[in-house]
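Keep in mind it's a predicted model, so treat the numbers as computed, not measured. In what follows, chains are A, B, ... by sequence order, proteins preceding strands, each numbered from 1. Keep in mind that the numbers below use all heavy atoms, side chains included, and drop hydrogens, waters and symmetry copies.
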There are 2 protein chains.
Amino acid sequence: MVPGDLGTADPGVIMATIQDVAKAAGVSAMTVSNVINGHPNVRETTRAKVLDAMARLGYRVNVSARNLRKGRTGTIGLAVPEVNRPYYGRLAAAIVNAAAPLGLHVSIEQTRARRENELEALSLSRNRMYDGLILSTVGMGPADADWLKVDHPVVILGERIFGGPVDHVAMPNVEASRAATRHLVERGCRRVAFLRGSVGEDVDVSSLRRTGYRQALKSAGLPLDPGLEQCLTSFTMAEGARCARRMVESGLDFDGVFCVTDTVAMGVLRGLADTGVRVPEQVKVIGFDNIEESEFLVPALSTVDPDHDTMAERAVTLLARRIEQPDLPREPEEFVGRFSVVVRESTGGHRRP
Amino acid sequence: MVPGDLGTADPGVIMATIQDVAKAAGVSAMTVSNVINGHPNVRETTRAKVLDAMARLGYRVNVSARNLRKGRTGTIGLAVPEVNRPYYGRLAAAIVNAAAPLGLHVSIEQTRARRENELEALSLSRNRMYDGLILSTVGMGPADADWLKVDHPVVILGERIFGGPVDHVAMPNVEASRAATRHLVERGCRRVAFLRGSVGEDVDVSSLRRTGYRQALKSAGLPLDPGLEQCLTSFTMAEGARCARRMVESGLDFDGVFCVTDTVAMGVLRGLADTGVRVPEQVKVIGFDNIEESEFLVPALSTVDPDHDTMAERAVTLLARRIEQPDLPREPEEFVGRFSVVVRESTGGHRRP
DNA sequence: GAGGTTGTTTGTATCGATAAAAATCACCTC
DNA sequence: GAGGTGATTTTTATCGATACAAACAACCTC
């Protein structure tokens with residue numbers, strides 16, 4: 001039977017409660033509850049009576065009441081900048097999928113990468129609106145670590161590393177960026193540009209990935225030219241395209257580009273096409289994230305695959321553990337994912353590896 | 001002040017209730033409730049006492065309790081096949097944004113386009129887990145219309161048109177597809193292929209868009225060649241690419257392609273590139289959805305823009321009205337969005353209109 | 001048949017917040 | 001100071017489900 005059978009209840013009629021069912025079945029409310037929750041020790045004939053009454057009345061549990069009594073909502077929050085950004089969309093999908101088998105629903109908060117919205121999400125979690133929160137900290141900084149000293153399950157997801165007492169799932173930003181840059185160098189690039197956002201003093205994506213970029217250049221014996229580091233105002237295709245055109249038109253000498261995200265790299269490919277620069281012959285391009293589109297671009301985009309699914313699965317698992325065992329003050333766990341460099345046409349590889 | 005101030009409460013301590021605050025402030029629970037909800041007629045000095053006590057105890061409302069009492073959860077469900085598909089991701093983001101100013105949270109259900117998951121989402125809504133549901137019916141068919149006879153606010157979003165008693169937000173699929181196809185014809189195409197999914201007897205995306213496609217060919221006086229209609233097993237880039245390669249390699253004669261979605265069109269562009277077919281010189285391509293990536297592809301993809309934001313905003317508005325006025329059995333409303341054809345390089349236009 | 005064991009069912013008391021009605025207070029008028 | 005008026009506060013009674021403990025029933029052993 002399909003879950004949620006309508007029964008024969010009239011629409012528009014007041015919802016039946018567990019008490020109504022109990023009366024109709026000639027048993028107590030507790031027995032109905034026991035049937036609903038599949039407790040053992042309910043006689044088969046009783047169960048049948050109750051199920052029958054439930055169907056007749058079109059009974060549906062009231063989740064709010066159950067939540068109040070149980071102190072759980074069965075819902076976790078996911079706070080990300082925006083779900084339609086390729087990277088976060090992919091992550092959100094993976095998280096919803098990982099949460100479903102545990103019986104957890106996922107409520108989305110869009111923070112637009114703004115600090116105050118991230119704090120707001122934390123606050124909702126503390127209101128017991130959610131059993132726990134997976135928070136992508138983009139706007140918050142280490143200075144906000146105190147906000148994380150909450151007694152609610154929280155898993156931080158993303159680039160920044162907080163000292164706070166919360167679990168954390170991160171990408172190997174430095175190593176992966178080093179590998180991406182090294183790949184360009186191995187393919188013959190000598191003047192590798194790096195497109196990133198503004199770097200704060202703290203550990204944000206741009207800083208971490210820049211560290212990897214610089215390490216790779218250094219260990220390849222290549223000079224660090226500040227002119228090769230370009231700063232974007234946002235991680236969008238439009239910005240990537242604009243930046244690439246500017247680089248070419250200003251006569252900057254470069255033969256490789258490492259982009260902070262695939263989205264930016266898509267824009268760069270477009271910007272290079274606009275200015276007649278051929279990829280990969282004249283300039284090689286590599287991105288970061290391995291969004292689905294990358295494989296199908298012309299030329300197909302080389303990139304770093306951060307293993308979204310494992311990260312998502314891990315974040316949900318950590319959160320679920322905290323939810324189930326709220327007391328045990330386990331050491332905050334940190335999971336750093338694996339990564340792989342995916343070589344495609346934009347760095348001289350074939351479309352399919 | 002940032003919402004959700006932690007106060008000085010010790011983490012790990014049992015949450016304070018409204019009663020605790022009342023006791024600490026020397027007032028009744030109701031007064032605390034009135035302060036929380038910003039009711040008028042609370043004396044300023046009292047309010048201050050209460051706020052102080054709340055801060056001292058680190059009080060946070062218990063949303064479950066409030067929901068039970070109010071009969072509302074402040075959350076709506078959004079059931080879509082998957083949030084990381086470009087079209088649905090965009091829609092989800094727009095819906096979350098439209099819901100936020102109304103104080104509504106959005107919980108995501110991923111149905112994977114399967115009928116039973118769509119029914120499951122309806123069921124959760126009926127459990128009062130959500131105040132209402134925005135449901136993208138992809139797997140359900142008109143035969144399931146009975147399931148929609150619920151006494152809960154539901155808005156159907158998407159391609160299929162149900163006769164059920166629910167509000168509905170749809171795209172002008174036929175008209176838009178006609179316009180897209182006509183555009184190809186106007187650009188000189190005489191052999192226009194159409195890439196779609198399998199068509200059932202009922203009103204799904206593929207059927208509706210095929211109708212528009214055929215109408216356009218007919219009114220242009222062009223023959224309908226069944227060989228030009230290609231059937232995909234899924235709306236993915238991989239399928240689009242595979243199909244395009246197959247078409248070229250099998251020697252099919254075509255000079256234009258109308259794709260059922262932009263995602264498919266991206267794959268087609270890739271497949272044509274693989275086989276050395278030049279776009280737009282030899283073959284022109286147009287998609288449907290105007291996903292963000294389209295503008296930055298090489299060549300930039302012409303497409304149909306269905307005005308996601310208006311649709312999303314409209315769906316939320318309709319749902320919110322039903323939530324606020326559950327009794328009024330208004331006539332089910334139907335909103336069909338507007339659309340525009342965006343001409344870019346893949347049909348011989350410039351990147352920016 | 002007393003006493004024990006296991007299996008089944010039922011009262012009772014919450015979970016934490018709020019609606020509605022009742023009570024109290026502050027202040028004013030005559 | 002009685003009486004009125006409006007502002008403020010409290011009391012009482014739920015919202016619907018479930019934990020817990022107690023009650024009851026059925027069956028067995030000696």
Open item on the list: What contact category does Thr46(B) fall into here, base, sugar-phosphate, or nothing, at under 4.0 angstrom with non-hydrogen atoms?
Closed with: sugar-phosphate
- [ ] Using whole Å, report how far CG of Asn37(B) lies from P of dA19(C).
- [x] 7 Å
Task: 5′-ward residue of the pair Arg69(B)/Gly26(B) relative to DNA chain D - done: Gly26(B)
Open item on the list: Looking at dT8(D), I'd like to know if its phosphate oxygens (OP1 or OP2) sit under 4.0 Å from a side-chain N or O belonging to Asn34(B).
Closed with: no
Task: Atom-to-atom span, CG of Asn41(B) to C1' of dA20(C) - whole angstrom - done: 15 Å
Open item on the list: Just the rounded figure in Å: distance from P of dC15(D) to CG of Asn62(B).
Closed with: 18 Å
TODO: Check every strand shown and say whether Val61(B) touches a base, only sugar-phosphate, or nothing at a heavy-atom separation below 4.0 Å.
DONE: sugar-phosphate
TODO: Mark yes when over 12 heavy atoms from residues, nucleotides or ligands other than Lys23(B) sit less than 6.0 Å from its NZ; otherwise mark no.
DONE: no
Task: Sugar-phosphate only, base, or nothing, as touched by Thr17(B) at under 4.0 Å among non-hydrogen atoms - done: sugar-phosphate
TODO: Check whether any side-chain nitrogen or oxygen of Ser64(B) sits under 4.0 Å from OP1 or OP2 of dG16(C), and answer yes or no.
DONE: no
TODO: Could you check how far CE of Met30(B) sits from P of dA22(C), rounded to whole Å?
DONE: 15 Å
TODO: Just compare dT9(C), dA19(C), dA17(D) and give me whichever is closest to any side-chain atom of His39(B).
DONE: dA19(C)
TODO: Please state how far atom CZ in Arg72(A) lies from atom C1' in dT18(D), giving the value in whole angstrom units.
DONE: 14 Å
Open item on the list: At less than 4.0 Å, is any side-chain N or O atom of Arg66(A) found next to OP1 or OP2 of dG16(D)? Yes or no.
Closed with: no
- [ ] Let me know, please, whether Lys70(A) or Ala65(B) comes out on the 5' side of the other along DNA chain D by nearest nucleotide.
- [x] Ala65(B)
- [ ] Compare the minimum distances between each of dT9(D), dT10(C), dA20(C) and the side chain of Arg43(B), then state the nucleotide with the smallest one.
- [x] dT9(D)
Open item on the list: Categorize Asn67(A) for me: base, sugar-phosphate, or nothing, with a 4.0 angstrom heavy-atom threshold over every strand shown.
Closed with: nothing
- [ ] Tell me what Val42(A) touches on the nucleic acid: a base, only sugar-phosphate, or nothing, going by heavy atoms under 4.0 Å.
- [x] sugar-phosphate
